[in-house]
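What follows is one structure encoded as structure tokens, with my remarks underneath.
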Amino acid sequence: MRIEVNGTARDIAATTLADALAELGWAEARVATALNGEFVPSSARPSQALRDGDRLEVLAPMQGG
């Protein structure tokens, strides 16, 4: 399916948010996620289904001031 990840169209095979993060290389990263503008807690990622055309935002914490 094709979803938008941080503003870029990506073709993925994953069907859940957790699997998509793994497929995109963020499996072990500490990140925040939003799907179609709604925050998705890490505990809900394995059961959060993805659909073609979804918009996923993945945010990593930044250090510094």
Side-chain angles (χ1 to χ4, degrees):
M1 82 177 78
R2 179 167 279 210
I3 65 172
E4 185 177 301
V5 180
N6 293 347
T8 301
R10 300 285 302 263
D11 291 313
I12 62 169
T15 58
T16 67
L17 179 52
D19 289 343
L21 291 175
E23 184 176 333
L24 295 168
W26 284 305
E28 303 300 323
R30 295 180 66 119
V31 295
T33 55
L35 186 62
N36 300 320
E38 299 289 328
F39 172 71
V40 180
S42 60
S43 61
R45 292 175 188 163
S47 62
Q48 178 63 58
L50 296 177
R51 295 178 298 177
D52 194 50
D54 277 346
R55 290 176 295 109
L56 173 62
E57 296 292 330
V58 181
L59 305 168
M62 297 182 67
Q63 295 182 347

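Because the structure is predicted, anything quoted here is derived from the model rather than measured.
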Return each pair, listed once, that meets side chain to side chain donor-acceptor pair (under 3.5 Å) where at least one residue sits in residues 34-43; pairs must be two or more places apart or across chains. Asn36-Asp54

Residue list, side-chain contact (heavy atoms from CB on, under 4.5 Å) with Asp19, at least two apart or on another chain: Ala14, Thr16

For Thr33, run the side-chain hydrogen bond (donor to acceptor under 3.5 Å, both in side chains) check against Glu57, Arg45, Gln48 and tell me which one passes. Arg45

For Ile3, the other hydrophobic cluster members (4.5 Å side-chain criterion, sorted by chain and number) are Met1, Val5, Ile12, Leu17, Leu21, Leu24, Trp26, Val31, Leu35, Val40, Leu50, Leu56, Val58

If you look only at pairs with a residue in residues 5-17, which of them pass as a salt bridge (Lys or Arg N to Asp or Glu O under 4.0 Å), with sequence neighbours excluded? Arg2-Asp11

